[in-house]
A.B. asks: 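Please read through the structure below; I'll follow up with questions.
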Protein chains: 2
Amino acid sequence: MRRQIPDVVVSRLPMYLRVLALLKAEGIDFISSRGLGSRLKMTPAQIRKDLCYFGKFGRQGRGYNVGRLFSELKQILGLDKQWSMALVGVGRLGRAIMDYKGFIPEGFKLVAAFEKDRNLIGKKIGGVVIEDFAVLGKSVKEKNVDIAIVAVPSSEAQNVIDMLAQSGIKAILNYAPICARVPRGVRLQGIDPVVALQSMTFYLTRV
Amino acid sequence: MRRQIPDVVVSRLPMYLRVLALLKAEGIDFISSRGLGSRLKMTPAQIRKDLCYFGKFGRQGRGYNVGRLFSELKQILGLDKQWSMALVGVGRLGRAIMDYKGFIPEGFKLVAAFEKDRNLIGKKIGGVVIEDFAVLGKSVKEKNVDIAIVAVPSSEAQNVIDMLAQSGIKAILNYAPICARVPRGVRLQGIDPVVALQSMTFYLTRV
DNA sequence: CCTTGTGAACGCATTCACAGCA
DNA sequence: TGCTGTGAATGCGTTCACAAGG
């Protein structure tokens with residue numbers, strides 16, 4: 001088995017991918033670690049070190065082939081396949097997520113949505129029929145959902161996350177502003193604008 | 001001047017605040033670093049160390065007074081005042097942000113919104129009149145905006161961010177999926193569900 | 001016994017520096 | 001010359017361990 005990769009390295013790969021996609025679009029074929037570094041405000045050494053966890057992708061004197069590195073990173077991140085997602089909670093936020101066009105081009109497809117509110121169940125938004133929250137476990141398995149997005153009120157979020165974990169979901173993107181617990185083996189990513197704001201105000205107050 | 005605080009410490013304070021608010025609501029008066037740690041999946045030592053950057057808030061044998069620590073952290077983070085925010089880009093995402101109820105209780109108030117699209121300018125959403133993007137610089141100063149939220153398409157995001165920085169904004173929350181550049185002294189926080197998903201798929205592919 | 005606060009030790013991520021190659 | 005890949009060195013955040021106090 002290959003040497004364990006630090007989480008922080010993995011978390012940087014999507015950014016590399018972003019820049020590489022841009023370079024591709026600009027028609028640039030080769031890029032050095034220095035070139036990548038200047039676009040990402042990182043040191044060239046860090047980029048080389050990060051990439052070297054996964055293999056040798058560069059050529060001395062030339063740099064990295066943009067297209068090649070792009071594909072390699074996509075594969076490393078598991079982005080060479082389609083991922084199926086389920087949304088839990090179709091309130092205001094949930095609907096914005098269902099409408100969001102940014103998932104599809106990256107290979108993430110919403111295949112199910114669940115809601116407790118009887119008035120919403122059965123309605124169709126963006127090609128997905130809203131199902132009763134009660135059938136979550138069964139439906140998630142039938143549809144081979146890989147990733148769940150949680151957009152329910154804070155008070156219900158932990159329960160929903162427990163149910164998702166129990167249904168075999170291994171990756172959860174949580175929009176509820178709580179510090180949730182997950183069993184070992186389940187990845188949880190929180191996404192919370194308020195927390196992001198709250199650490200900026202620290203710096204705003206002491207300039 | 002007090003010893004420089006690591007960014008990573010500051011970024012954890014909002015989470016402490018979250019848990020403390022919950023404890024307060026539960027009527028718990030004292031909590032030990034171990035108690036906080038178990039709720040946050042952190043070691044007690046780390047919590048004590050983090051807090052000790054800012055002062056001595058605990059009592060031996062007892063732990064921390066929940067209410068006191070809550071207030072202290074709020075003040076440290078600059079959350080004992082109201083912050084004014086401006087939104088740039090009132091598309092689908094922008095509207096969801098304008099509708100979002102989670103900012104107000106935390107002391108963040110949207111006071112302005114800007115849009116390029118003529119059809120939207122002048123309309124009123126949630127008490128805020130949408131202004132012409134062209135008057136951004138002037139309006140942001142008049143309204144003493146502290147923080148900007150960027151919700152424009154990727155292609156325009158860097159330009160918008162440049163304009164905001166030029167208008168004297170020192171903190172920007174960016175929803176556009178780009179790796180933007182800001183001048184020294186401006187804080188930029190990105191918020192991007194796709195990036196969050198893309199690092200989870202790495203782990204999904206190798207279980 | 002229970003806690004906190006904190007210097008010291010540790011371990012990990014970043015950076016350095018250079019061999020190897022085009 | 002330019003650049004990568006990588007062991008070694010550095011630096012920083014986490015954890016340890018304990019004095020001091022309840």
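Letters A, B, ... mirror the listed sequences (proteins, then strands); counts begin at 1. Given the structure is predicted, the values throughout are model-derived calculations rather than measurements.
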A.B. asks: Please, which pairs that meet salt bridge (charged side-chain N to carboxylate O under 4.0 Å, His left out) have at least one residue in residues 77-89 of chain A, sequence neighbours excluded?
C.D. replies: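 For residues 77-89 of chain A, and leaving out neighbouring residues, there are no salt bridge (charged side-chain N to carboxylate O under 4.0 Å, His left out) pairs at all.
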A.B. asks: Take the C1' atoms of the five end pairs on each side of the helix from C:dC1-D:dG22 to C:dA22-D:dT1, derive the two axes, and give their angle rounded to 10 degrees.
C.D. replies: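 Nearest ten degrees gives 10° for this helix.
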A.B. asks: Output all residues satisfying salt bridge (charged side-chain N to carboxylate O under 4.0 Å, His left out) with A:K24, sequence neighbours left out; order by chain, then residue number.
C.D. replies: none
A.B. asks: Output the rounded distance in Å from CG (A:D7) to C1' (C:dA13).
C.D. replies: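 Result: 12 Å.
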A.B. asks: In whole angstrom, give the distance that lies between atom NZ of B:K41 and atom P of D:dT15.
C.D. replies: 14 Å
A.B. asks: Establish, from distance only, whether the side-chain atoms of B:Q158 and B:D162 form a donor-acceptor pair under 3.5 Å.
C.D. replies: yes
A.B. asks: Not counting sequence neighbours, which residues clear side chain to side chain contact (heavy atoms under 4.5 Å, CB included) with A:V8? List them please.
C.D. replies: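 A:P6, A:S11, A:R12.
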A.B. asks: Nearest-Å distance, CZ (A:R59) to C1' (C:dC21)?
C.D. replies: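 So the CZ-C1' distance, A:R59 to C:dC21, works out to 11 Å.
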A.B. asks: What is the separation between atom CG on B:L69 and atom C1' on C:dT3, rounded to the nearest whole Å?
C.D. replies: 15 Å
A.B. asks: Out of B:I191, B:V195, B:L197, which residue meets the side chain to side chain contact (heavy atoms under 4.5 Å, CB included) rule with A:I191?
C.D. replies: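 Of all the options given, the one that passes is B:I191.
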A.B. asks: Going by salt bridge (charged side-chain N to carboxylate O under 4.0 Å, His left out), name the residues that satisfy it together with A:E115, two or more places apart in sequence or in a different chain.
C.D. replies: none
A.B. asks: Counting any heavy atom closer than 4.0 Å, what does B:G58 reach on the DNA or RNA strands: base, sugar-phosphate only, or nothing?
C.D. replies: sugar-phosphate
A.B. asks: Which of residues 22-35 of chain B sit near DNA chain C, with a heavy atom under 4.0 Å from it?
C.D. replies: B:S32, B:S33
A.B. asks: A:K138: which residues meet the salt bridge (charged side-chain N to carboxylate O under 4.0 Å, His left out) condition with it, sequence neighbours left out?
C.D. replies: A:E142
A.B. asks: Which whole-number value in Å describes the distance from B:N65 CG to C:dT3 P?
C.D. replies: 16 Å
A.B. asks: Relative to the 5' end of DNA chain D, which residue comes earlier, A:R62 or A:K56, by the nucleotide with the nearest heavy atom?
C.D. replies: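 Between the two, 5'-proximity favours A:R62.
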A.B. asks: Which pairs pass salt bridge (charged side-chain N to carboxylate O under 4.0 Å, His left out) with one or both residues in residues 178-205 of chain A, sequence neighbours excluded?
C.D. replies: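 For residues 178-205 of chain A: A:D7-A:R187, A:D192-B:R18.
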A.B. asks: Think A:Y64 has a side-chain N or O under 4.0 angstrom from the OP1 or OP2 of D:dG5?
C.D. replies: yes
A.B. asks: With sequence neighbours left out, what residues match B:E106 under salt bridge (charged side-chain N to carboxylate O under 4.0 Å, His left out)?
C.D. replies: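 Partners of B:E106 under the salt bridge (charged side-chain N to carboxylate O under 4.0 Å, His left out) test: none.
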A.B. asks: Can you tell me which residue pairs pass the salt bridge (charged side-chain N to carboxylate O under 4.0 Å, His left out) test with a partner in residues 144-160 of chain B, sequence neighbours excluded?
C.D. replies: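 Residue pairs passing salt bridge (charged side-chain N to carboxylate O under 4.0 Å, His left out), neighbours aside: B:K116-B:E156.
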A.B. asks: Rounded to whole Å, please give me the gap between CZ in B:R68 and C1' in C:dT4.
C.D. replies: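 So the two atoms are 13 Å apart, to the nearest Å.
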A.B. asks: Starting at atom CD1 of B:I47, determine the distance to atom C1' of C:dT3, rounded to an integer number of angstrom.
C.D. replies: 14 Å
A.B. asks: For nucleotides 14-18 of chain C, list the nitrogen or oxygen atoms of the protein found under 3.5 Å from its nitrogen or oxygen atoms, one pair per line.
C.D. replies:
| from | atom 1 | to | atom 2 | distance (Å) |
| --- | --- | --- | --- | --- |
| C:dT14 | OP1 | A:R12 | NH1 | 2.8 |
| C:dT14 | OP1 | A:Q46 | NE2 | 3.3 |
| C:dT14 | OP2 | A:R12 | NH2 | 2.8 |
| C:dT14 | OP2 | A:Q46 | NE2 | 3.0 |
| C:dT14 | O5' | A:Q46 | NE2 | 2.7 |
| C:dT15 | OP2 | A:T43 | OG1 | 2.9 |
| C:dA17 | N6 | A:R48 | NH2 | 3.1 |

A.B. asks: By ring pair (Phe, Tyr, Trp, His ring centres under 6.0 Å), which residues pair with B:Y100, not counting sequence neighbours?
C.D. replies: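 Per chain and number, B:Y100 pairs via ring pair (Phe, Tyr, Trp, His ring centres under 6.0 Å) with B:F103.
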A.B. asks: Whole angstrom is fine here: how far is it from CZ in A:F57 over to C1' in D:dC3?
C.D. replies: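 Taking atom C1' of D:dC3 as the reference, CZ of A:F57 is at 17 Å.
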